Amino acid sequence: MDRTHTKTIHIGDRVIGGGNPVLIQSMTNTKTEDVQATADQINRLAAAGCDIIRCAVPNMEAARALKEIKKQITIPLVADIHFDYRLAIASIENGADKIRINPGNIGSRERVKAVVDAAKERNLPIRVGVNSGSLEKELVEKYHGVTAEGIVESALDKVKMIEDMDYTNLVISIKSSDVLMCARAHEMISQRTDYPLHVGITESGTLLSGNIKSAVGLGIILYQGIGDTIRVSLTGDPLEEIKSAKLILKTLGLRKGGVEVVSCPTCGRTQIDLIGLANAVEDMVADIPLDIKVAVMGCVVNGPGEAKEADIGIAGGKGEGLLIKKGEVIKKVPEEKLLEALREELGKSF
């Protein structure tokens, strides 16, 4: 996997492209005009591992709110603009670190240029976003439907428009809810441009379907060395987007750190509440900044062996379990004290 071919772009104090680590984005679901609620949510997301946050700017009140929100947060803020170029300019004036626009719905070339000129004054990056759902009619007709080829052509047309305005501080985003179409589009565009790519499966769905579609799509794309920032789009609490994004990056070897919990799928041999225990362990270690593997196993057949491959683990029996560390059984404890024993061992170790 080689990400070094993309241009280096600065978003606030973060850097993407040029081989830098893939960064995690999310989007607030508060009313941006509600400064306190929005800032509080951003800070929770940042604490969970969000690197860059995007806020919807549907009106001028929201654009003005960005100034106060910026004072209370520590990660770069992207203003998400649709239709009204004046909101983009106001967002830039109120401290946005990046602007997300689809030049296709901003209006005339003059309006796009007004946004570009405002960004140029501050050398602010523009994310050029194209979604399959908003593909131009002529491209749908040209390719006989919504296709990867059409999405790529649309995005590169918009990029060319801004390049002709003598501006190249750009990030490209091409999204589709069709996973394989989205993957194909990213494969194509990565061969035709060196701008950094923000990757995501748009409108992917609820927690279950959204996670599966995002994991498959992002996995295909990222494994090929494509993508500089990602968002896992889920219908629900944006904190879930951060958890999923971190796990996808870690699974692909693109991010280190954080406790990895492995657990068996349960079977008829399980004699403890493994499901409850595994979920409790995952919640317990969420904020522990250790780069270790914790195993939660349900029985004495494979449990001890699997747990020995982790840095620390617990293996259940009938009403009790083993605490195992670095391949050695430390002690046997009652089932109701397994979580406490694991917490205690994590606290004094590593």
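The figures here come from the full heavy-atom set of this structure, side chains too, leaving out hydrogens, waters and symmetry mates. Keep in mind the model is a prediction, meaning the values are calculated, not measured.
With sequence neighbours excluded, the residues satisfying side chain to side chain donor-acceptor pair (under 3.5 Å) with Ser132 are Ser176.
One finds the CD1 atom of Ile151 at 9.0 Å from the CD atom of Glu149 (value rounded to the nearest 0.5 Å). Atom-to-atom distance recorded for Lys158:NZ and Leu156:CG is 10.0 Å, nearest 0.5 angstrom. Here the CD1-NE2 distance, from Ile172 to His186, works out to 9.5 Å after rounding to the nearest 0.5 Å. Rounded to the nearest 0.5 angstrom, Asn211 CG and Ser244 OG are separated by 3.5 Å. In this structure, CD1 on Ile126 lies 5.0 Å from CD1 on Ile162, to the nearest 0.5 angstrom. Taken from NZ in Lys213 to SG in Cys182, the straight-line distance is 10.0 Å, to the nearest 0.5 Å.
Within the 4.5 Å cutoff, side-chain heavy atoms of Val140 are placed close to those of Val146. Val15 has its side chain within reach of Thr8: a pair of non-hydrogen atoms, C-beta onward, lies under 4.5 Å apart. With contacts defined as side-chain heavy-atom distances shorter than 4.5 Å, the pair Ile324/Ile314 does not qualify. Between Arg100 and His82 the shortest side-chain heavy-atom distance falls below 4.5 Å. The shortest side-chain heavy-atom distance between Ile81 and Ser91 falls under the 4.5 Å cut-off. Side chains of Asn131 and Asn102 form no contact here, defined as non-hydrogen atoms less than 4.5 Å apart.
Here the closest non-hydrogen pair linking Met161 and Arg109 is CG-NH1, 3.7 Å. Nearest approach of Met60 to Ala90, heavy atoms of both residues: SD-CB, 3.4 Å. Pairing each heavy atom of Ile24 with each of Ala245, the nearest pair is CG2-CB, 3.7 Å. The two residues Pro125 and Ile9 have their closest heavy-atom pair at CB-CG2, 3.8 Å. Residues Ser190 and Ile226 approach most closely at OG-CD1, 3.5 Å, considering heavy atoms.
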* Apply the test side-chain hydrogen bond (donor to acceptor under 3.5 Å, both in side chains) to residues Gln41 and Asn29: give CA-CA distance (whole Å), side-chain angles for both, the deciding distance (0.1 Å), then the verdict. => CA-CA 9 Å; Gln41 185 175 69; Asn29 60 7; 2.7 Å; yes

* Audit row: Thr38, Thr30, side-chain hydrogen bond (donor to acceptor under 3.5 Å, both in side chains) steps and yes/no -> CA-CA 6 Å; Thr38 303; Thr30 57; 2.8 Å; yes

* Asked: Val35 and Gln72: side chain to side chain contact (heavy atoms under 4.5 Å, CB included), yes or no, with the steps?
  -> CA-CA 9 Å; Val35 171; Gln72 299 184 41; 3.7 Å; yes

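Pairs passing the salt bridge (charged side-chain N to carboxylate O under 4.0 Å, His left out) check and including a residue from residues 14-31, sequence neighbours excluded, read Arg14-Asp51.
Other residues, nucleotides and ligands place no more than 12 heavy atoms under 6.0 Å from the NZ atom of Lys113. Within 6.0 Å of atom CZ in Arg122, more than 12 heavy atoms from other residues, nucleotides or ligands are found, so the atom counts as buried in its surroundings. For Asp166, the CG atom sits in a loose shell: 12 or fewer heavy atoms of surrounding residues, nucleotides or ligands are nearer than 6.0 Å.
A salt bridge links Arg54 to Asp80: one of the charged nitrogens lies within less than 4.0 Å of a carboxylate oxygen. Salt-bridge formation is detected for the pair Lys326/Asp311: a Lys NZ or Arg NE/NH1/NH2 atom is positioned less than 4.0 Å from an Asp or Glu carboxylate oxygen.
Glu153 pairs in a salt bridge (Lys or Arg N to Asp or Glu O under 4.0 Å) with only one of the listed residues (Arg192, Lys142, Lys160), which is Lys142. For the pairing with Ser173, the side-chain hydrogen bond (donor to acceptor under 3.5 Å, both in side chains) check across His198, Arg231, Arg127 returns one residue only, Arg127.
Cluster membership check: Val294 does not share its hydrophobic cluster with Leu247, using side-chain heavy-atom separations under 4.5 Å among Ile, Leu, Val, Met, Phe, Trp and Tyr.
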